[in-house]
There are 4 protein chains.
Amino acid sequence: MSEGPRKTRGVHRGPRSRRIVESVREATIAELVRVGYANLTIGGVAKAAEVNRTTIYRRWPNKQALVAAAVEPLLETYEVDPGTGSLVGDLRALIERLRENLERPDARALTRVLMLNIPDLHDVVYASGERTIGAFDRAFTSARARGELGPEADLEMMSHLIFFGMLYWLIRHERFPSERECTRMLRVALASAPGVEVPDPAPADGSS
Amino acid sequence: MSEGPRKTRGVHRGPRSRRIVESVREATIAELVRVGYANLTIGGVAKAAEVNRTTIYRRWPNKQALVAAAVEPLLETYEVDPGTGSLVGDLRALIERLRENLERPDARALTRVLMLNIPDLHDVVYASGERTIGAFDRAFTSARARGELGPEADLEMMSHLIFFGMLYWLIRHERFPSERECTRMLRVALASAPGVEVPDPAPADGSS
Amino acid sequence: MSEGPRKTRGVHRGPRSRRIVESVREATIAELVRVGYANLTIGGVAKAAEVNRTTIYRRWPNKQALVAAAVEPLLETYEVDPGTGSLVGDLRALIERLRENLERPDARALTRVLMLNIPDLHDVVYASGERTIGAFDRAFTSARARGELGPEADLEMMSHLIFFGMLYWLIRHERFPSERECTRMLRVALASAPGVEVPDPAPADGSS
Amino acid sequence: MSEGPRKTRGVHRGPRSRRIVESVREATIAELVRVGYANLTIGGVAKAAEVNRTTIYRRWPNKQALVAAAVEPLLETYEVDPGTGSLVGDLRALIERLRENLERPDARALTRVLMLNIPDLHDVVYASGERTIGAFDRAFTSARARGELGPEADLEMMSHLIFFGMLYWLIRHERFPSERECTRMLRVALASAPGVEVPDPAPADGSS
DNA sequence: TAGTAAACGAGACGGTACGTCCAGTCTTTGC
DNA sequence: GCAAAGACTGGACGTACCGTCTCGTTTACTA
């Protein structure tokens, strides 16, 4: 026990441990994509990771923790701000980034997982949602700072509507909204902001 | 034995059978409220319904089917149209109905279930969502028929935004939006419809 | 056939009822041959007999009774005495009858059933065994009456040894004893009876 | 993880595992004695062994395998040869050993099990029977080696008749044959061997 | 670089639930 | 009204995971 001069103290960070952790993470995501959260089993992940089941339990206490840890790094994608200089530009850029993410099948699967209302997953999911929506919030805040939006504009609500409108269009229709649909959504959601114009999508060279 | 025509044909519809089916349905919902979908067990439902586990398996092949069958009748709540005579009135009435439903703990639990992305539940869930959103759609359609909305108004998008905006406000904040927040949401979401005014909530006896 | 305790009062005895009883009996034996006693199910018999499961339960209280009733008539095969005029002739005839029975697959299956030590089947089985062995006993008794066997001959024991020796040769070797083996068995088992000679089987025209 | 070849090889042989295996074996036999094979349940054995049902399934795939494994060691009782120096002495000793075994209720129950014609149990049963009969065979072989039996004696058949005659006397009469009956049986079965005398049982001090 | 803490692989265990099957009883149906 | 059809209770089956544990063995800190 803690008696006597310990020779080592910290956790292992050697190549083997790192390899294992990474291998498990990848396997977790792969399994998630393959069978979904409900059918995810520790044994399955262990086999896919070519690791012993026990090893997984040693590091992650249960399925939720495992998934949370595996999924976590993916959320950083949305951290950065686009910085296109205009509100509509920023939003379009964020939506584009969403699209890029969600059109990769693995991310699609992960998104489904993140939208599960599993109680134990709630924290990760909530954090993930807030982090992603945060990017939208920042786009609005920057726009106000630039003077694009007046003080009466309801930033929070616009951000909320656009984000969830986007996300659930995907869920409802099983596909990402088209350029046209994005434009429609932005127009409706931004209508309360005077002076903000949402031009037609690129291919159509429409003036306002 | 191949002795002539069969003597009976249909399934049982007697009082006992009916009682059992109903009892199981109630127990399923009660258990769903009590422990949630993830922890729902057929055995638990059977015990709560004072019915044998086998009896449940005879009628519903698995948990998904059981839950789907149990939940299905609840979706009819949203079928009727409020008919208040104005778009904002209708929307407020629908929101009010949502609130009434979602503030009852059992309906809360059911809503959570409906928002689970369980593959086998997908059909029921999708149908449920569409049915509910349908009420919003109809409110908009009626409004256009009454002349409240012009042909350029994007009914589908407004409906979509309001519905999912509402639903996910609940999820994000773990409470139903307040009157004030509903007003804000409606104002943002309806801003693109010229001529539609969203008055302050009732307590303030504001003029337009 | 011993139809067990009647479940209804006015049991029908018309052609239909008789047909059903017979059909069930045949199906029981067929199933017994097909799947064996352990895997015999009332449902299986009912299906094979094209009769409702309930119908079987109405007439036979349980599986054991059903099998007992179905098997019972088969035991009468061994009732009659061969009457060849000599002990060895009678025994050979009885063995021949055994062979005929046991080489038909259905009788093989039934024999297996009869050799199961199922408690509830014990009575039928015991009765069956005793009835069959009774034919051997009678052969010995007749022989003594004819003067072939003296008073010191242990009829009971010889009968016992020949019968079970026969039966378990079949079980052990998975085939009926050959003519040669029958001869050997008879010679050993009848050696204690002075004056009884067991000639070689027919094909070999051996001298004494 | 693909870290080279396997690091351990065998199953666990620690004291705990051994204890469990032994405990299950004892419980199996106890249950067999208590309720019989037909009513034996894995759950019952598990409870009696104070072990989880799963644990049993992990080691033995089903009831048959469990019983086979539990019963197997009991068969070794008959392996050794008596070595009394005379054929009749050896046979009497073997019969005595049979009696000792079969008069203990647990062995009685086991014997019943072994005589069940259950297909899945066939191998154990057959092996068991052959092993036991082997002791009788050896007694005859030794007798011939000693010159007690001439080359014309049908050892195999005598052994067969005595063994099954013995066993089924037990079954038929629900009790082990008495000394007197054993003597009668031996006399009849050994009559074909010239020079072999079967004296009266001990209590009667009869000369030949 | 040696010794020891930390991590790993393998196998097993107690548990819980699953979905299936069957025995035997009870309830509906329909002629 | 009654026999057939069908549903119900109860219990066992064999399977799949979960999360925990022990026991050797291997890895990688650190003195």
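All values derive from a computational prediction rather than experimental measurement. What you see below is based on every heavy atom in this structure, not just the backbone, and it leaves out hydrogens, waters and symmetry mates. All chains are named by letter (A, B, ...) in the order of the sequence lines, taking the proteins before the strands, and each is independently numbered beginning at 1.
Remark: P of F:dC18 and OH of A:Tyr37 are 10 Å apart, rounded to the nearest angstrom. A:Ile42 has its CD1 atom 6 Å from the P atom of F:dC18, to the nearest Å. Rounding to whole angstrom units, CD of residue C:Glu31 and P of E:dC22 are separated by 11 Å. One can place CG of D:Asn62 at 6 Å from P of F:dG14, the figure rounded to the nearest angstrom. Look at CD1 on D:Ile20: it is 12 Å from C1' on F:dC21, rounded to the nearest Å. Distance CG (A:Leu66) to C1' (F:dC18): 13 Å, rounded to an integer number of Å. Note: CZ (B:Arg18) to P (E:dT29) measures 8 Å, nearest angstrom. Rounded to an integer number of Å, the gap from NZ of C:Lys47 to C1' of E:dA23 is 16 Å.
A:Arg53 comes within 4.0 angstrom of a base, heavy atoms only. Residue contacts for A:Thr55: at a heavy-atom cut-off of 4.0 Å it reaches the sugar-phosphate backbone alone, with no base atom in range. Using a 4.0 Å heavy-atom cutoff across all strands shown, B:Ile56 reaches no nucleic acid atom at all. Residue contacts shown for D:Thr54 include a base, since a base heavy atom lies under 4.0 Å away.
When the side-chain nitrogen and oxygen atoms of A:Asn52 are compared with OP1 and OP2 of E:dC8, none of them lie within a distance under 4.0 Å. Close to F:dC8, at under 4.0 Å from its OP1 or OP2, lies a side-chain N or O of B:Arg58.
When all heavy atoms of A:Tyr37 and A:Gln64 are compared, the closest pair comes out as OH-NE2, 3.3 Å.
A salt bridge is defined here as a Lys NZ or Arg NE, NH1 or NH2 lying under 4.0 Å from an Asp or Glu carboxylate O, and C:Arg19 with C:Glu22 fails to meet this definition.
Between B:Val21 and D:Pro61, the residue anchored nearer the 5' end of DNA chain F, judged by the nucleotide with its closest heavy atom, is B:Val21. Nearest-nucleotide mapping onto DNA chain E: of C:Gly43 and D:Val51, the residue sitting toward the 5' end is D:Val51. If B:Asn39 and A:Arg59 are placed on DNA chain E by their nearest nucleotide, the residue sitting closer to the 5' end is A:Arg59. Residue D:Gly44 is the one, among A:Gly44 and D:Gly44, whose nearest nucleotide of DNA chain F lies closer to the 5' end (criterion: closest heavy atom).
For the atom pair OG1 (D:Thr41) and CZ (D:Arg53), the distance works out to 9.0 Å, reported to the nearest 0.5 Å. Taken from CH2 in A:Trp60 to OG1 in A:Thr55, the straight-line distance is 9.0 Å, to the nearest 0.5 Å. Separation of atoms NZ (B:Lys47) and CD1 (B:Ile42) is listed at 14.0 Å; rounding is to 0.5 Å.
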